[in-house]
Amino acid sequence: MAEYRNSDETHERSTSAQGMSRRQLMRHAGWFGGAVVLTVASGEVISHMAGSRSATAGTAAGAAPASGTLRFVQISDSHIGFQGPANTDVTGSFAEAINQVNSLGFRPDFVMHSGDLTHLSTAGQFDQVRQMMTSLRTDRVFTVPGEHDSIGDAGRAYRRMFAGGTLGDGWYSFDTHGVHFIALVNTLSLEKLGHLGNDQIEFVRRDLSGLSSDTPVVVFSHIPLFAMYPRWGWSTDDALKVIALLRRFASVTCLNGHVHQLFTKAEGNITFHSATTTAYPLPEPGRAPAPTPQVVPARQLKDALGIRTVGYHQGDRELAVIDRRLA
Amino acid sequence: MNTRRILICTLRWATSATLAVSGYIHAQLWGEEYRSLPVIGLLFLFQASVSLAFAVLLLIGTPPLAVRVGAAGVAAGALVGFVASRTVGLFGFTEHGLQPAPQALLSLLAETATLLLLAVWQATLIAHQRAAGPPARTHEWRPPATRTPSS
């Protein structure tokens with residue numbers, strides 16, 4: 001090989017000038033073969049090491065992620081009970097989303113459903129979605145209500161079934177893995193835009209008052225807290241008061257549903273992530289006269305639906321958000 | 001060992017190091033979570049395996065142009081995948097910003113460095129070839145002409 005090294009360029013030059021000699025062909029074949037063998041060997045080693053690490057973690061913690069690492073899932077807008085050509089089987093789509101969560105390869109610390117669990121807030125639809133979510137392989141399931149979960153009764157049926165142990169109209173907060181989570185309700189007294197109300201804003205103020213500014217904060221809501229497209233109601237009219245309270249924190253992640261499509265926006269240390277749906281797509285802002293369910297070819301429907309996983313390693317500044325198409 | 005040979009040797013080792021870093025990061029991410037992603041998981045494993053393979057090959061010796069192009073392709077492919085996953089999405093997979101941190105940033109730096117190092121390497125070889133002039137012509141062997149004595 002030393003001989004070839006010494007005349008590397010000369011060989012390349014002569015190759016182009018006169019074609020490949022037998023010796024050069026052997027040399028190229030050697031390098032190519034080496035590359036293939038080493039690639040396969042590397043793949044085997046990586047697979048083996050990852051497999052043994054999973055087995056160790058599984059033995060130690062029942063297949064839970066390593067301590068210090070938080071992993072949770074956001075699912076949104078399942079609209080159980082919806083009937084229309086945009087998705088003729090929203091229950092089946094939601095079941096697929098649940099299967100996808102259960103086959104992620106890790107057990108999420110919790111699953112958050114960010115609203116519009118049902119389409120028409122009937123008792124049967126609430127019962128069905130709750131039954132389905134009991135099959136999620138996770139430690140806890142959290143929810144926030146969407147406007148479709150409070151039709152006709154100002155959210156009473158939703159609160160009876162999902163809001164045990166919460167405050168006010170169903171808002172709450174909790175801490176895990178060094179992250180502070182706040183779940184807000186901005187769908188109950190909405191006119192056109194989402195609305196939080198003074199009681200809830202006061203709750204947020206008191207809730208955040210004892211936290212140090214380097215605590216990562218995650219805020220869940222159904223309707224976006226940022227002005228994604230106010231003409232379609234895709235904003236919250238008094239969210240700026242909450243945003244002002246959040247500005248002092250080094251890392252704030254706001255996760256919402258409602259708009260049935262992925263969208264991300266950053267404002268300083270605050271990042272907003274709109275999630276997609278498990279039910280049916282809505283048009284992009286301004287691309288249609290109104291935000292009505294979009295009928296897409298059957299093959300493309302799954303491309304528009306999906307779930308979101310969020311990871312956080314203690315000590316990191318930001319959370320890692322991964323959106324996955326429905327498998 | 002002249003200056004050019006020292007430079008080539010340094011570039012070879014540096015490229016091996018950046019490929020190894022990129023491969024290790026992709027292997028780590030694959031093992032932690034990404035292996036559960038359809039298609040993306042396989043691409044992560046492939047990227048990690050090929051990067052580590054090229055890193056080892058570069059340690060063994062100076063590879064031909066095809067291997068260097070392959071190494072550049074792996075690094076460029078990872079960069080294209082990164083950009084696609086943050087813009088149009090890649091096989092239904094979308095991520096945001098430089099997450100997961102710090103792996104996303106380190107991987108970007110390693111792959112960009114790989115491409116730059118390989119570009120400098122190639123430029124060095126071309127410059128040397130130009131300085132050396134065109135290759136010497138080899139004499140073609142011709143069969144001896146036979147003459148038939150005239151009668």
Side-chain angles (χ1 to χ4, degrees), chain A residues 1-2 4-6 8-15 17-18 24 27-28 31-32 34-47 49-51 53-54 65-66 69 71 103-106 262 264 266 271 273 302-303 306 309 311 313 316-327, chain B residues 5 8-9 23-24 26-28 30-38 40-41 44-46 48-57 60-67 70-71 85-86 89 91-104 124-126 128-129 132 134-138:
Chain A
M1 187 161 283
Y4 293 118
R5 265 204 307 268
N6 290 338
D8 183 53
E9 311 87 44
T10 314
H11 270 276
E12 279 175 14
R13 213 166 24 160
S14 58
T15 298
Q18 299 170 10
Q24 287 172 315
R27 180 174 175 245
H28 277 78
W31 280 103
F32 180 75
V36 172
V37 169
L38 283 169
T39 298
V40 173
S42 301
E44 280 294 317
V45 170
I46 294 167
S47 306
M49 287 175 70
R53 198 167 46 185
S54 302
T69 303
R71 284 170 177 162
S103 49
L104 280 171
F106 61 89
L262 300 176
T264 298
T271 313
H273 297 277
K302 278 190 177 179
D303 293 347
T309 59
H313 297 271
D316 285 359
R317 191 172 162 275
E318 290 182 48
L319 286 79
V321 178
I322 298 176
D323 290 295
R324 303 159 189 247
R325 183 173 61 192
L326 206 61
Chain B
R5 292 199 58 75
I8 294 287
C9 193
Y24 175 78
H26 280 81
Q28 186 200 26
W30 180 83
E32 281 186 1
E33 183 170 350
Y34 288 70
R35 62 178 150 169
S36 66
L37 293 165
I40 296 295
F44 263 72
L45 180 60
F46 181 76
S49 306
V50 177
S51 292
L52 292 172
F54 279 132
V56 173
L57 283 176
I60 292 171
T62 304
L65 178 64
V67 172
S85 68
R86 276 136 185 95
F91 300 107
F93 165 80
T94 314
E95 279 188 303
H96 308 277
L98 291 174
Q99 296 299 323
Q103 291 95 332
T124 307
L125 291 180
I126 290 170
H128 174 71
Q129 282 173 12
R137 289 190 61 155
T138 52

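In what follows, every chain begins at residue 1, and chains take the letters A, B, ... in the order their sequences are listed.
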Report task. Among T271(A), T39(A), L319(A), single out the residue with the greatest number of heavy-atom pairs under 4.5 Å to chain B. Result -> T39(A)
Report task. Go through H273(A), E44(A), K302(A) and name the one with the most non-hydrogen pairs under 4.5 angstrom from chain B. Result -> H273(A)
Requested in this report: Can you measure from CD (Q28(B)) to OH (Y34(B)) and round to the nearest 0.5 angstrom?
Outcome: 10.5 Å
Report summary line: Sorted by chain and residue number, the side chain to side chain contact (heavy atoms under 4.5 Å, CB included) partners of T124(B) (sequence neighbours excluded) come out as R4(B), L7(B), I8(B), L11(B), V120(B)
Query raised in the report: With a 4.5 Å limit on heavy-atom distance, are the side chains of I322(A) and Q99(B) in contact?
Result: no
Requested in this report: Evaluate the side-chain proximity of L52(B) to I46(A): yes if any heavy-atom separation is below 4.5 Å, no if none is.
Outcome: yes
Contact part of [X] toward chain A, heavy-atom cut-off under 4.5 Å: side chain, backbone, both or neither?
X: A48(B); result: both
X: V50(B); result: both
X: Y24(B); result: neither

Query raised in the report: Can you say whether D316(A) sits under 4.5 Å from chain B via the side chain, the backbone, both, or neither, judging by heavy atoms?
Result: side chain
Query raised in the report: Between T309(A) and chain B, which part of the residue has a heavy atom less than 4.5 Å away: side chain, backbone, both or neither?
Result: side chain
Query raised in the report: With respect to chain A, which residue among L45(B), I40(B), L57(B) yields the maximal number of heavy-atom pairs within a distance under 4.5 Å?
Result: L57(B)
Requested in this report: Over 60° means perpendicular and under 30° means parallel, so classify the ring planes of H26(B) and F44(B), tilted if in between.
Outcome: tilted
Report task. Ignoring hydrogens and angles, tell me if any N or O in the side chain of R86(B) forms a donor-acceptor pair with the backbone of E95(B) under 3.5 Å. Result -> no
